[in-house]
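Counting starts at 1 for both ligands and their atoms, following the listed order. Hydrogens, waters and symmetry mates are skipped; everything else that's a heavy atom, side chains included, is used.
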Amino acid sequence: MKGIRGRITFTYMILIVLTLIISGVYTLQFIERVYMDNLRKTLVDEARILANWVSPYMVAPDSSMPYISELSSTVHSSTGKRITVFSKNGEPLYDTSLRPFEDARSKPEIEQALHGQVGSDIRLDPSKGTNVLLVAVPVTGGPDVLGVIRVGLPLSGAYQELRHAWGSVGISLLAVAVISSLVGAYFALGIARPIEEITRVTRRIASGAFHERVRYRAQDELGVLGESVNLMATRLSDQIEDLTQEKSKLEGIIASMDSGVMVVDRSGRVLVVNRATESLLRHAGRKLLGQWHWEVGRSYGLSSMIDEVLLTGEPRRKEIVLTSPVETNLELFATPIKGKNESIVGAVVVLHDVSKWRRVEQMRTEFVANVSHELRTPITAVRGFAETLLDGALEDPEMRKQFIKIIYEESDRLSRLVNDLLELSKIESGHAVLQFEVCEMNNLVKTTVDKLVHQAGQNGLTLEAHVPEEPIFAEVAKDRISQVLINLIANAIVYTSEGGRIDVYLEEAEDRVTVRVQDTGIGIPKEDLPRLFERFYRVDKARARRSGGTGLGLAIVKHIVEAHEGTVDVQSTVGKGSTFSFSLPKRQL
Ligand code: ADP
């Protein structure tokens, strides 16, 4: 009886049964009343006929007793009813049942008859154990009441007939009840079916099946309800689609961001986290979603900042340093997320890796220190020797010549240093616009090597270029590449002992061209190789200075090659020699 169908059927049945019971009881009562009235009327008629007959004998009842009893017996024998004759005082004179007389005066029907009215009563007859209908009429002679005739009928027969009537009415009512219940259940089914369908569909929609639709179509209220449910499902599915798209867009943006993004809820649980955060906090491969922020933070700084933002609702900015596994500078911005009534519902943290900028800053500071240091050495020398000359050394022609030579060399070194610095800063800042042109590399390498063959020879070295016969063309800034080559060969000359060799190779591979400068010089220790192309980096500082180098040659090489989208490389074995190479794309994009 839980479903709507059951409830409608049940209510309908209760209504039918109640209606049938009430109408049945009312009908039966009516039938009983009419039946009893008719019975009473018959008795009254019979009593009246007898009263008329016995009326002449009731003037002197004692002497007319035989007539009275005969007339009464005649009626009794033809109707089967008990007849009792009473005197005008209410005393019984004759009774067809020949039973002992009761105290008739106390009986209500006799009382009424003695007053000239028709009296009647229904009483239990103890001798028969059944109810008896008693009707009493006065026997009149003119205006006087001469006696009373009472007719009695046991109601057992009448009751039986009434019971029959009850039975047949009951059976027909039961039949009506069963038929109406079946009809009711059928109608209930008709009403309940669309409701059940709408209920099923709405339940499916609520569980996420937005494609479900109500198929019941009718012009009634349920039809309208079904249509509204369908419309609602369409709108809902459209909105959810929009939301999903927005969400995936947002997720895509957050996921592809270089900066780390992390969202925590009020309790400190991580709700959103992107891959950048995982790699910045060195958590690659670990699931951070749903963790507590202090488990994720890896740094007291980050966790305490999130707690502060959650507590105060104020945005915070901070830089922290993660030490393991490598030192990383992270800049953090944390902003509160505010919900209704300005309440804090969480916080967003954005993480930037600023290590590169910090390193650049550090390098700049170091660079200034290095430049000052590099400049100071020749300046001190120039000043020192100039002072010595002024202090009297000018007089000594030997010393004068030697000192002036040193001053010249140092100033030359100063000028080279300044030139290299200017060159480097020009390339770095992008002011030196490279003039790319298609150039035959074979020729470029050969002419550059030729320029230095003499210098190499003076140092007791053999310098040779090995270029293929086939011309190799590449789009390069000719003068710059020539400068790169000069720097590399000049270094090879400086760092190779007398009797050694320097070989320059030109090679091509697919869309690239490679130049290698190989010497049999002193070589470079392995640990110095990674930093070799840094500004002012020297392996053997004393020797490098003595050679007159500025410490900027390789830095310039690297910058020029990178401006060509090329790469530099060095391989070296201490005591055996070094090979510096650079590789360039044949075409500039
Ligand atoms: P420098 O002007 O001092 O030569 P570079 O930038 O040209 O400055 O070179 C940096 C350092 O690299 C040198 O000081 C030297 O120690 C080392 N180096 C460069 N080329 C060679 C080479 N061919 N063989 C050995 N060491 C080299």
Atoms in ligand 1 with a heavy atom of Y537 nearer than 4.0 Å: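 Those atoms are 10 (C), 11 (C).
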With heavy atoms of G553 as the reference, note each atom of ligand 1 found under 4.0 Å away.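 So the answer, numbered in order with elements, is 5 (P), 6 (O), 7 (O).
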Indicate, as side chain, backbone, both or neither, the part of L488 found under 4.0 angstrom from ligand 1 when only non-hydrogen atoms are considered.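 None of L488 does.
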What about G551: any of its N or O atoms under 3.5 Å from an N or O on ligand 1?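 Yes, at least one N or O pair falls under 3.5 Å.
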Should F580 be counted as touching ligand 1, given the test is an N or O pair under 3.5 Å?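 Between F580 and ligand 1 (N or O atoms, distance only) the closest approach is not under 3.5 Å.
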Taking 4.0 angstrom as the limit, do [X] and [Y] come out as a salt bridge?
{"X": "R358", "Y": "E319", "answer": "yes"}
{"X": "E534", "Y": "R531", "answer": "yes"}
{"X": "E331", "Y": "R317", "answer": "yes"}
{"X": "E197", "Y": "R203", "answer": "no"}
{"X": "E464", "Y": "R501", "answer": "yes"}

Quick check with a 6.0 Å cut-off and a 45 degree axis cone: is R535 positioned over the face of F367's six-membered ring?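 Judged by the rule, R535 and F367 form a cation-pi pair.
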Any idea which of I502, T579, N491, V539 brings a heavy atom closest to atom 19 (C) of ligand 1?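 Minimum heavy-atom distance to atom 19 (C) of ligand 1 goes to N491.
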Is there a heavy atom in A492 that sits closer than 4.0 Å to ligand 1?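 Yes, that is the case, since the closest heavy atom of the residue is under 4.0 Å from the ligand.
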